[in-house]
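The structure displayed is predicted, hence computed values, not measured ones. For ligands, and for the atoms within them, numbers begin at 1 and follow the listed sequence. Heavy atoms only: backbone and side chains are in, while hydrogens, waters and symmetry mates are out.
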Amino acid sequence: MKNIAIFASGSGSNAENIICYFAQKPDFCVKRIYCNVPDAFVLVRAKKYDIPTTVFDRQAFCDPEKILKQLKEDDTNFIVLAGFLWLIPDFIIATYPNRIVNIHPALLPSHGGKGMYGHRVHEAVIAAKEQESGITIHFVNELYDSGSIVFQAKCPVIPEDTADSLAEKVHRLEYKYFPQVIEGIMEDVLSK
Ligand code: GAR
């Protein structure tokens with residue numbers, strides 16, 4: 001069994017989409033949702049699908065005896081960041097080399113970095129008068145949004161776009177591509 005852990009901080013619509021996708025794949029299992037925001041809606045979504053959750057603060061996150069221990073207990077093979085806003089501690093990255101991916105709602109290397117998440121990213125894209133935006137799926141390293149890029153998909157930005165309308169276009173790309181890209185990467189790295 002290939003076991004996935006999802007880390008999320010907010011609404012969790014990507015997390016739910018990933019849960020539903022892998023529910024149809026007998027070799028894959030979304031084992032647990034990890035969340036650093038106690039009232040995040042992703043926790044409600046997890047409950048709907050009976051997926052166990054772990055809510056943690058920064059202290060627990062930075063303690064190898066807590067989150068990393070839980071990941072190991074669950075026999076986690078792969079970690080997906082789906083709207084998760086904290087940097088991953090070095091000891092977790094070292095335990096999961098090329099086994100942690102993040103999705104960013106723009107075309108990196110533009111419009112990434114600390115503090116660039118959700119609507120802030122779409123506002124920056126519009127302010128920069130970009131003609132295209134999209135999604136970037138990348139491996140996670142010890143810096144924000146700077147691990148090697150695995151996949152990008154684009155959408156047009158038109159002058160009438162608002163952060164909301166752009167978010168909608170980007171979310172459509174995320175729902176379409178993120179689960180299948182995760183599956184492809186997992187098939188690849190876990191066979192090595
Ligand atoms: C997604 O658009 C994701 O790309 C973005 O947060 C949103 C979470 O939505 N991630 C970042 O901005 C990371 N820098 P969701 O909670 O509905 O899946």
Gly83: numbered ligand 1 atoms lying under 4.0 Å from its heavy atoms: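 The list of qualifying atoms is 6 (O), 8 (C), 10 (N).
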Please name the pair of heavy atoms, one in Val189 and one in Arg99, separated by the smallest distance, quoted to 0.1 Å.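 Here Val189 and Arg99 meet closest at O-NH2, 3.3 Å.
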Does the plane of the ring in Phe61 sit parallel, tilted or perpendicular to the ring in Trp86? Use 30° and 60° as the thresholds.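 Tilted.
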What heavy-atom pair brings Arg32 and Thr53 nearest, and what distance separates the two atoms?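 Nearest heavy atoms, Arg32 then Thr53: NH1-O, 3.6 Å.
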Shortest protein heavy-atom distance from atom 9 (O) of ligand 1, along with the residue and atom involved: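 Result for atom 9 (O) of ligand 1: His171 NE2, 3.4 Å.
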Mark up the atoms of ligand 1 that fall under 4.0 Å of a heavy atom belonging to Glu174, in ascending order.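 Those of ligand 1 that fall under 4.0 Å from Glu174 are 1 (C), 2 (O), 3 (C), 4 (O).
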Heavy-atom nearest neighbour in the protein, as seen from atom 17 (O) of ligand 1, with distance rounded to 0.1 Å: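 Protein heavy atom at minimum distance: Ser13 OG, 2.5 Å.
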Quick one: pull up NZ in Lys114 and CG in Leu85 and give me the separation to the nearest 0.5 Å.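 Answer for the NZ-CG pair, Lys114 versus Leu85, is 10.5 Å.
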If the cut-off is 4.0 Å to any non-hydrogen atom of Tyr117, which atoms of ligand 1 fall inside it?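 Numbered from 1, ligand 1 contributes 11 (C), 12 (O), 14 (N).
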Heavy-atom closest contact (Phe22 atom, Pro179 atom, distance):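 Heavy-atom minimum between the residues: CZ-O, 3.6 Å.
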Contact atoms of ligand 1, heavy-atom distance to Ser11 under 4.0 Å: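 Result: 16 (O), 17 (O).
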Could you tell me the residue and atom name of the protein heavy atom closest to atom 13 (C) of ligand 1, and the distance to it rounded to 0.1 Å?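 Closest protein heavy atom to atom 13 (C) of ligand 1: Ile103 O, 3.9 Å.
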Qualifying ring-ring contact (aromatic ring centres under 6.0 Å, His included) pairs with a residue from residues 137-169, counting only residues at least two apart or across chains: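 Found Phe151-Tyr177.
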Would you check the N or O atoms of Tyr175, main chain and side chain alike, for any that come under 3.5 Å of an N or O of ligand 1?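 No: no nitrogen or oxygen of Tyr175 is under 3.5 Å from one in ligand 1.
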Taking only heavy atoms of Met116, which atoms of ligand 1 are found under 4.0 Å from at least one of them?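 Answer for ligand 1: 14 (N).
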Using a strict cut-off of 4.0 Å, indicate which atoms of ligand 1 neighbour a heavy atom of Gly118.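 Checking each atom against Gly118, I get 12 (O).
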Which pair of non-hydrogen atoms, one from Leu71 and one from Ile79, has the smallest distance, and what is that distance?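 Here Leu71 and Ile79 meet closest at CD1-CD1, 3.9 Å.
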Per the side chain to side chain contact (heavy atoms under 4.5 Å, CB included) rule, which among Ile137, Ile103, Ile135, Val101 passes with Val181?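 Testing each of Ile137, Ile103, Ile135, Val101 against Val181, the sole residue satisfying side chain to side chain contact (heavy atoms under 4.5 Å, CB included) is Ile137.
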Of all the non-hydrogen atoms in the protein, which one sits nearest to atom 16 (O) of ligand 1, and at what distance?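 The closest heavy atom on the protein side is Gly12 N, 2.7 Å.
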Report the nearest protein non-hydrogen atom to atom 11 (C) of ligand 1: residue, atom name, distance rounded to 0.1 Å.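 Answer for atom 11 (C) of ligand 1: Pro105 CD, 3.5 Å.
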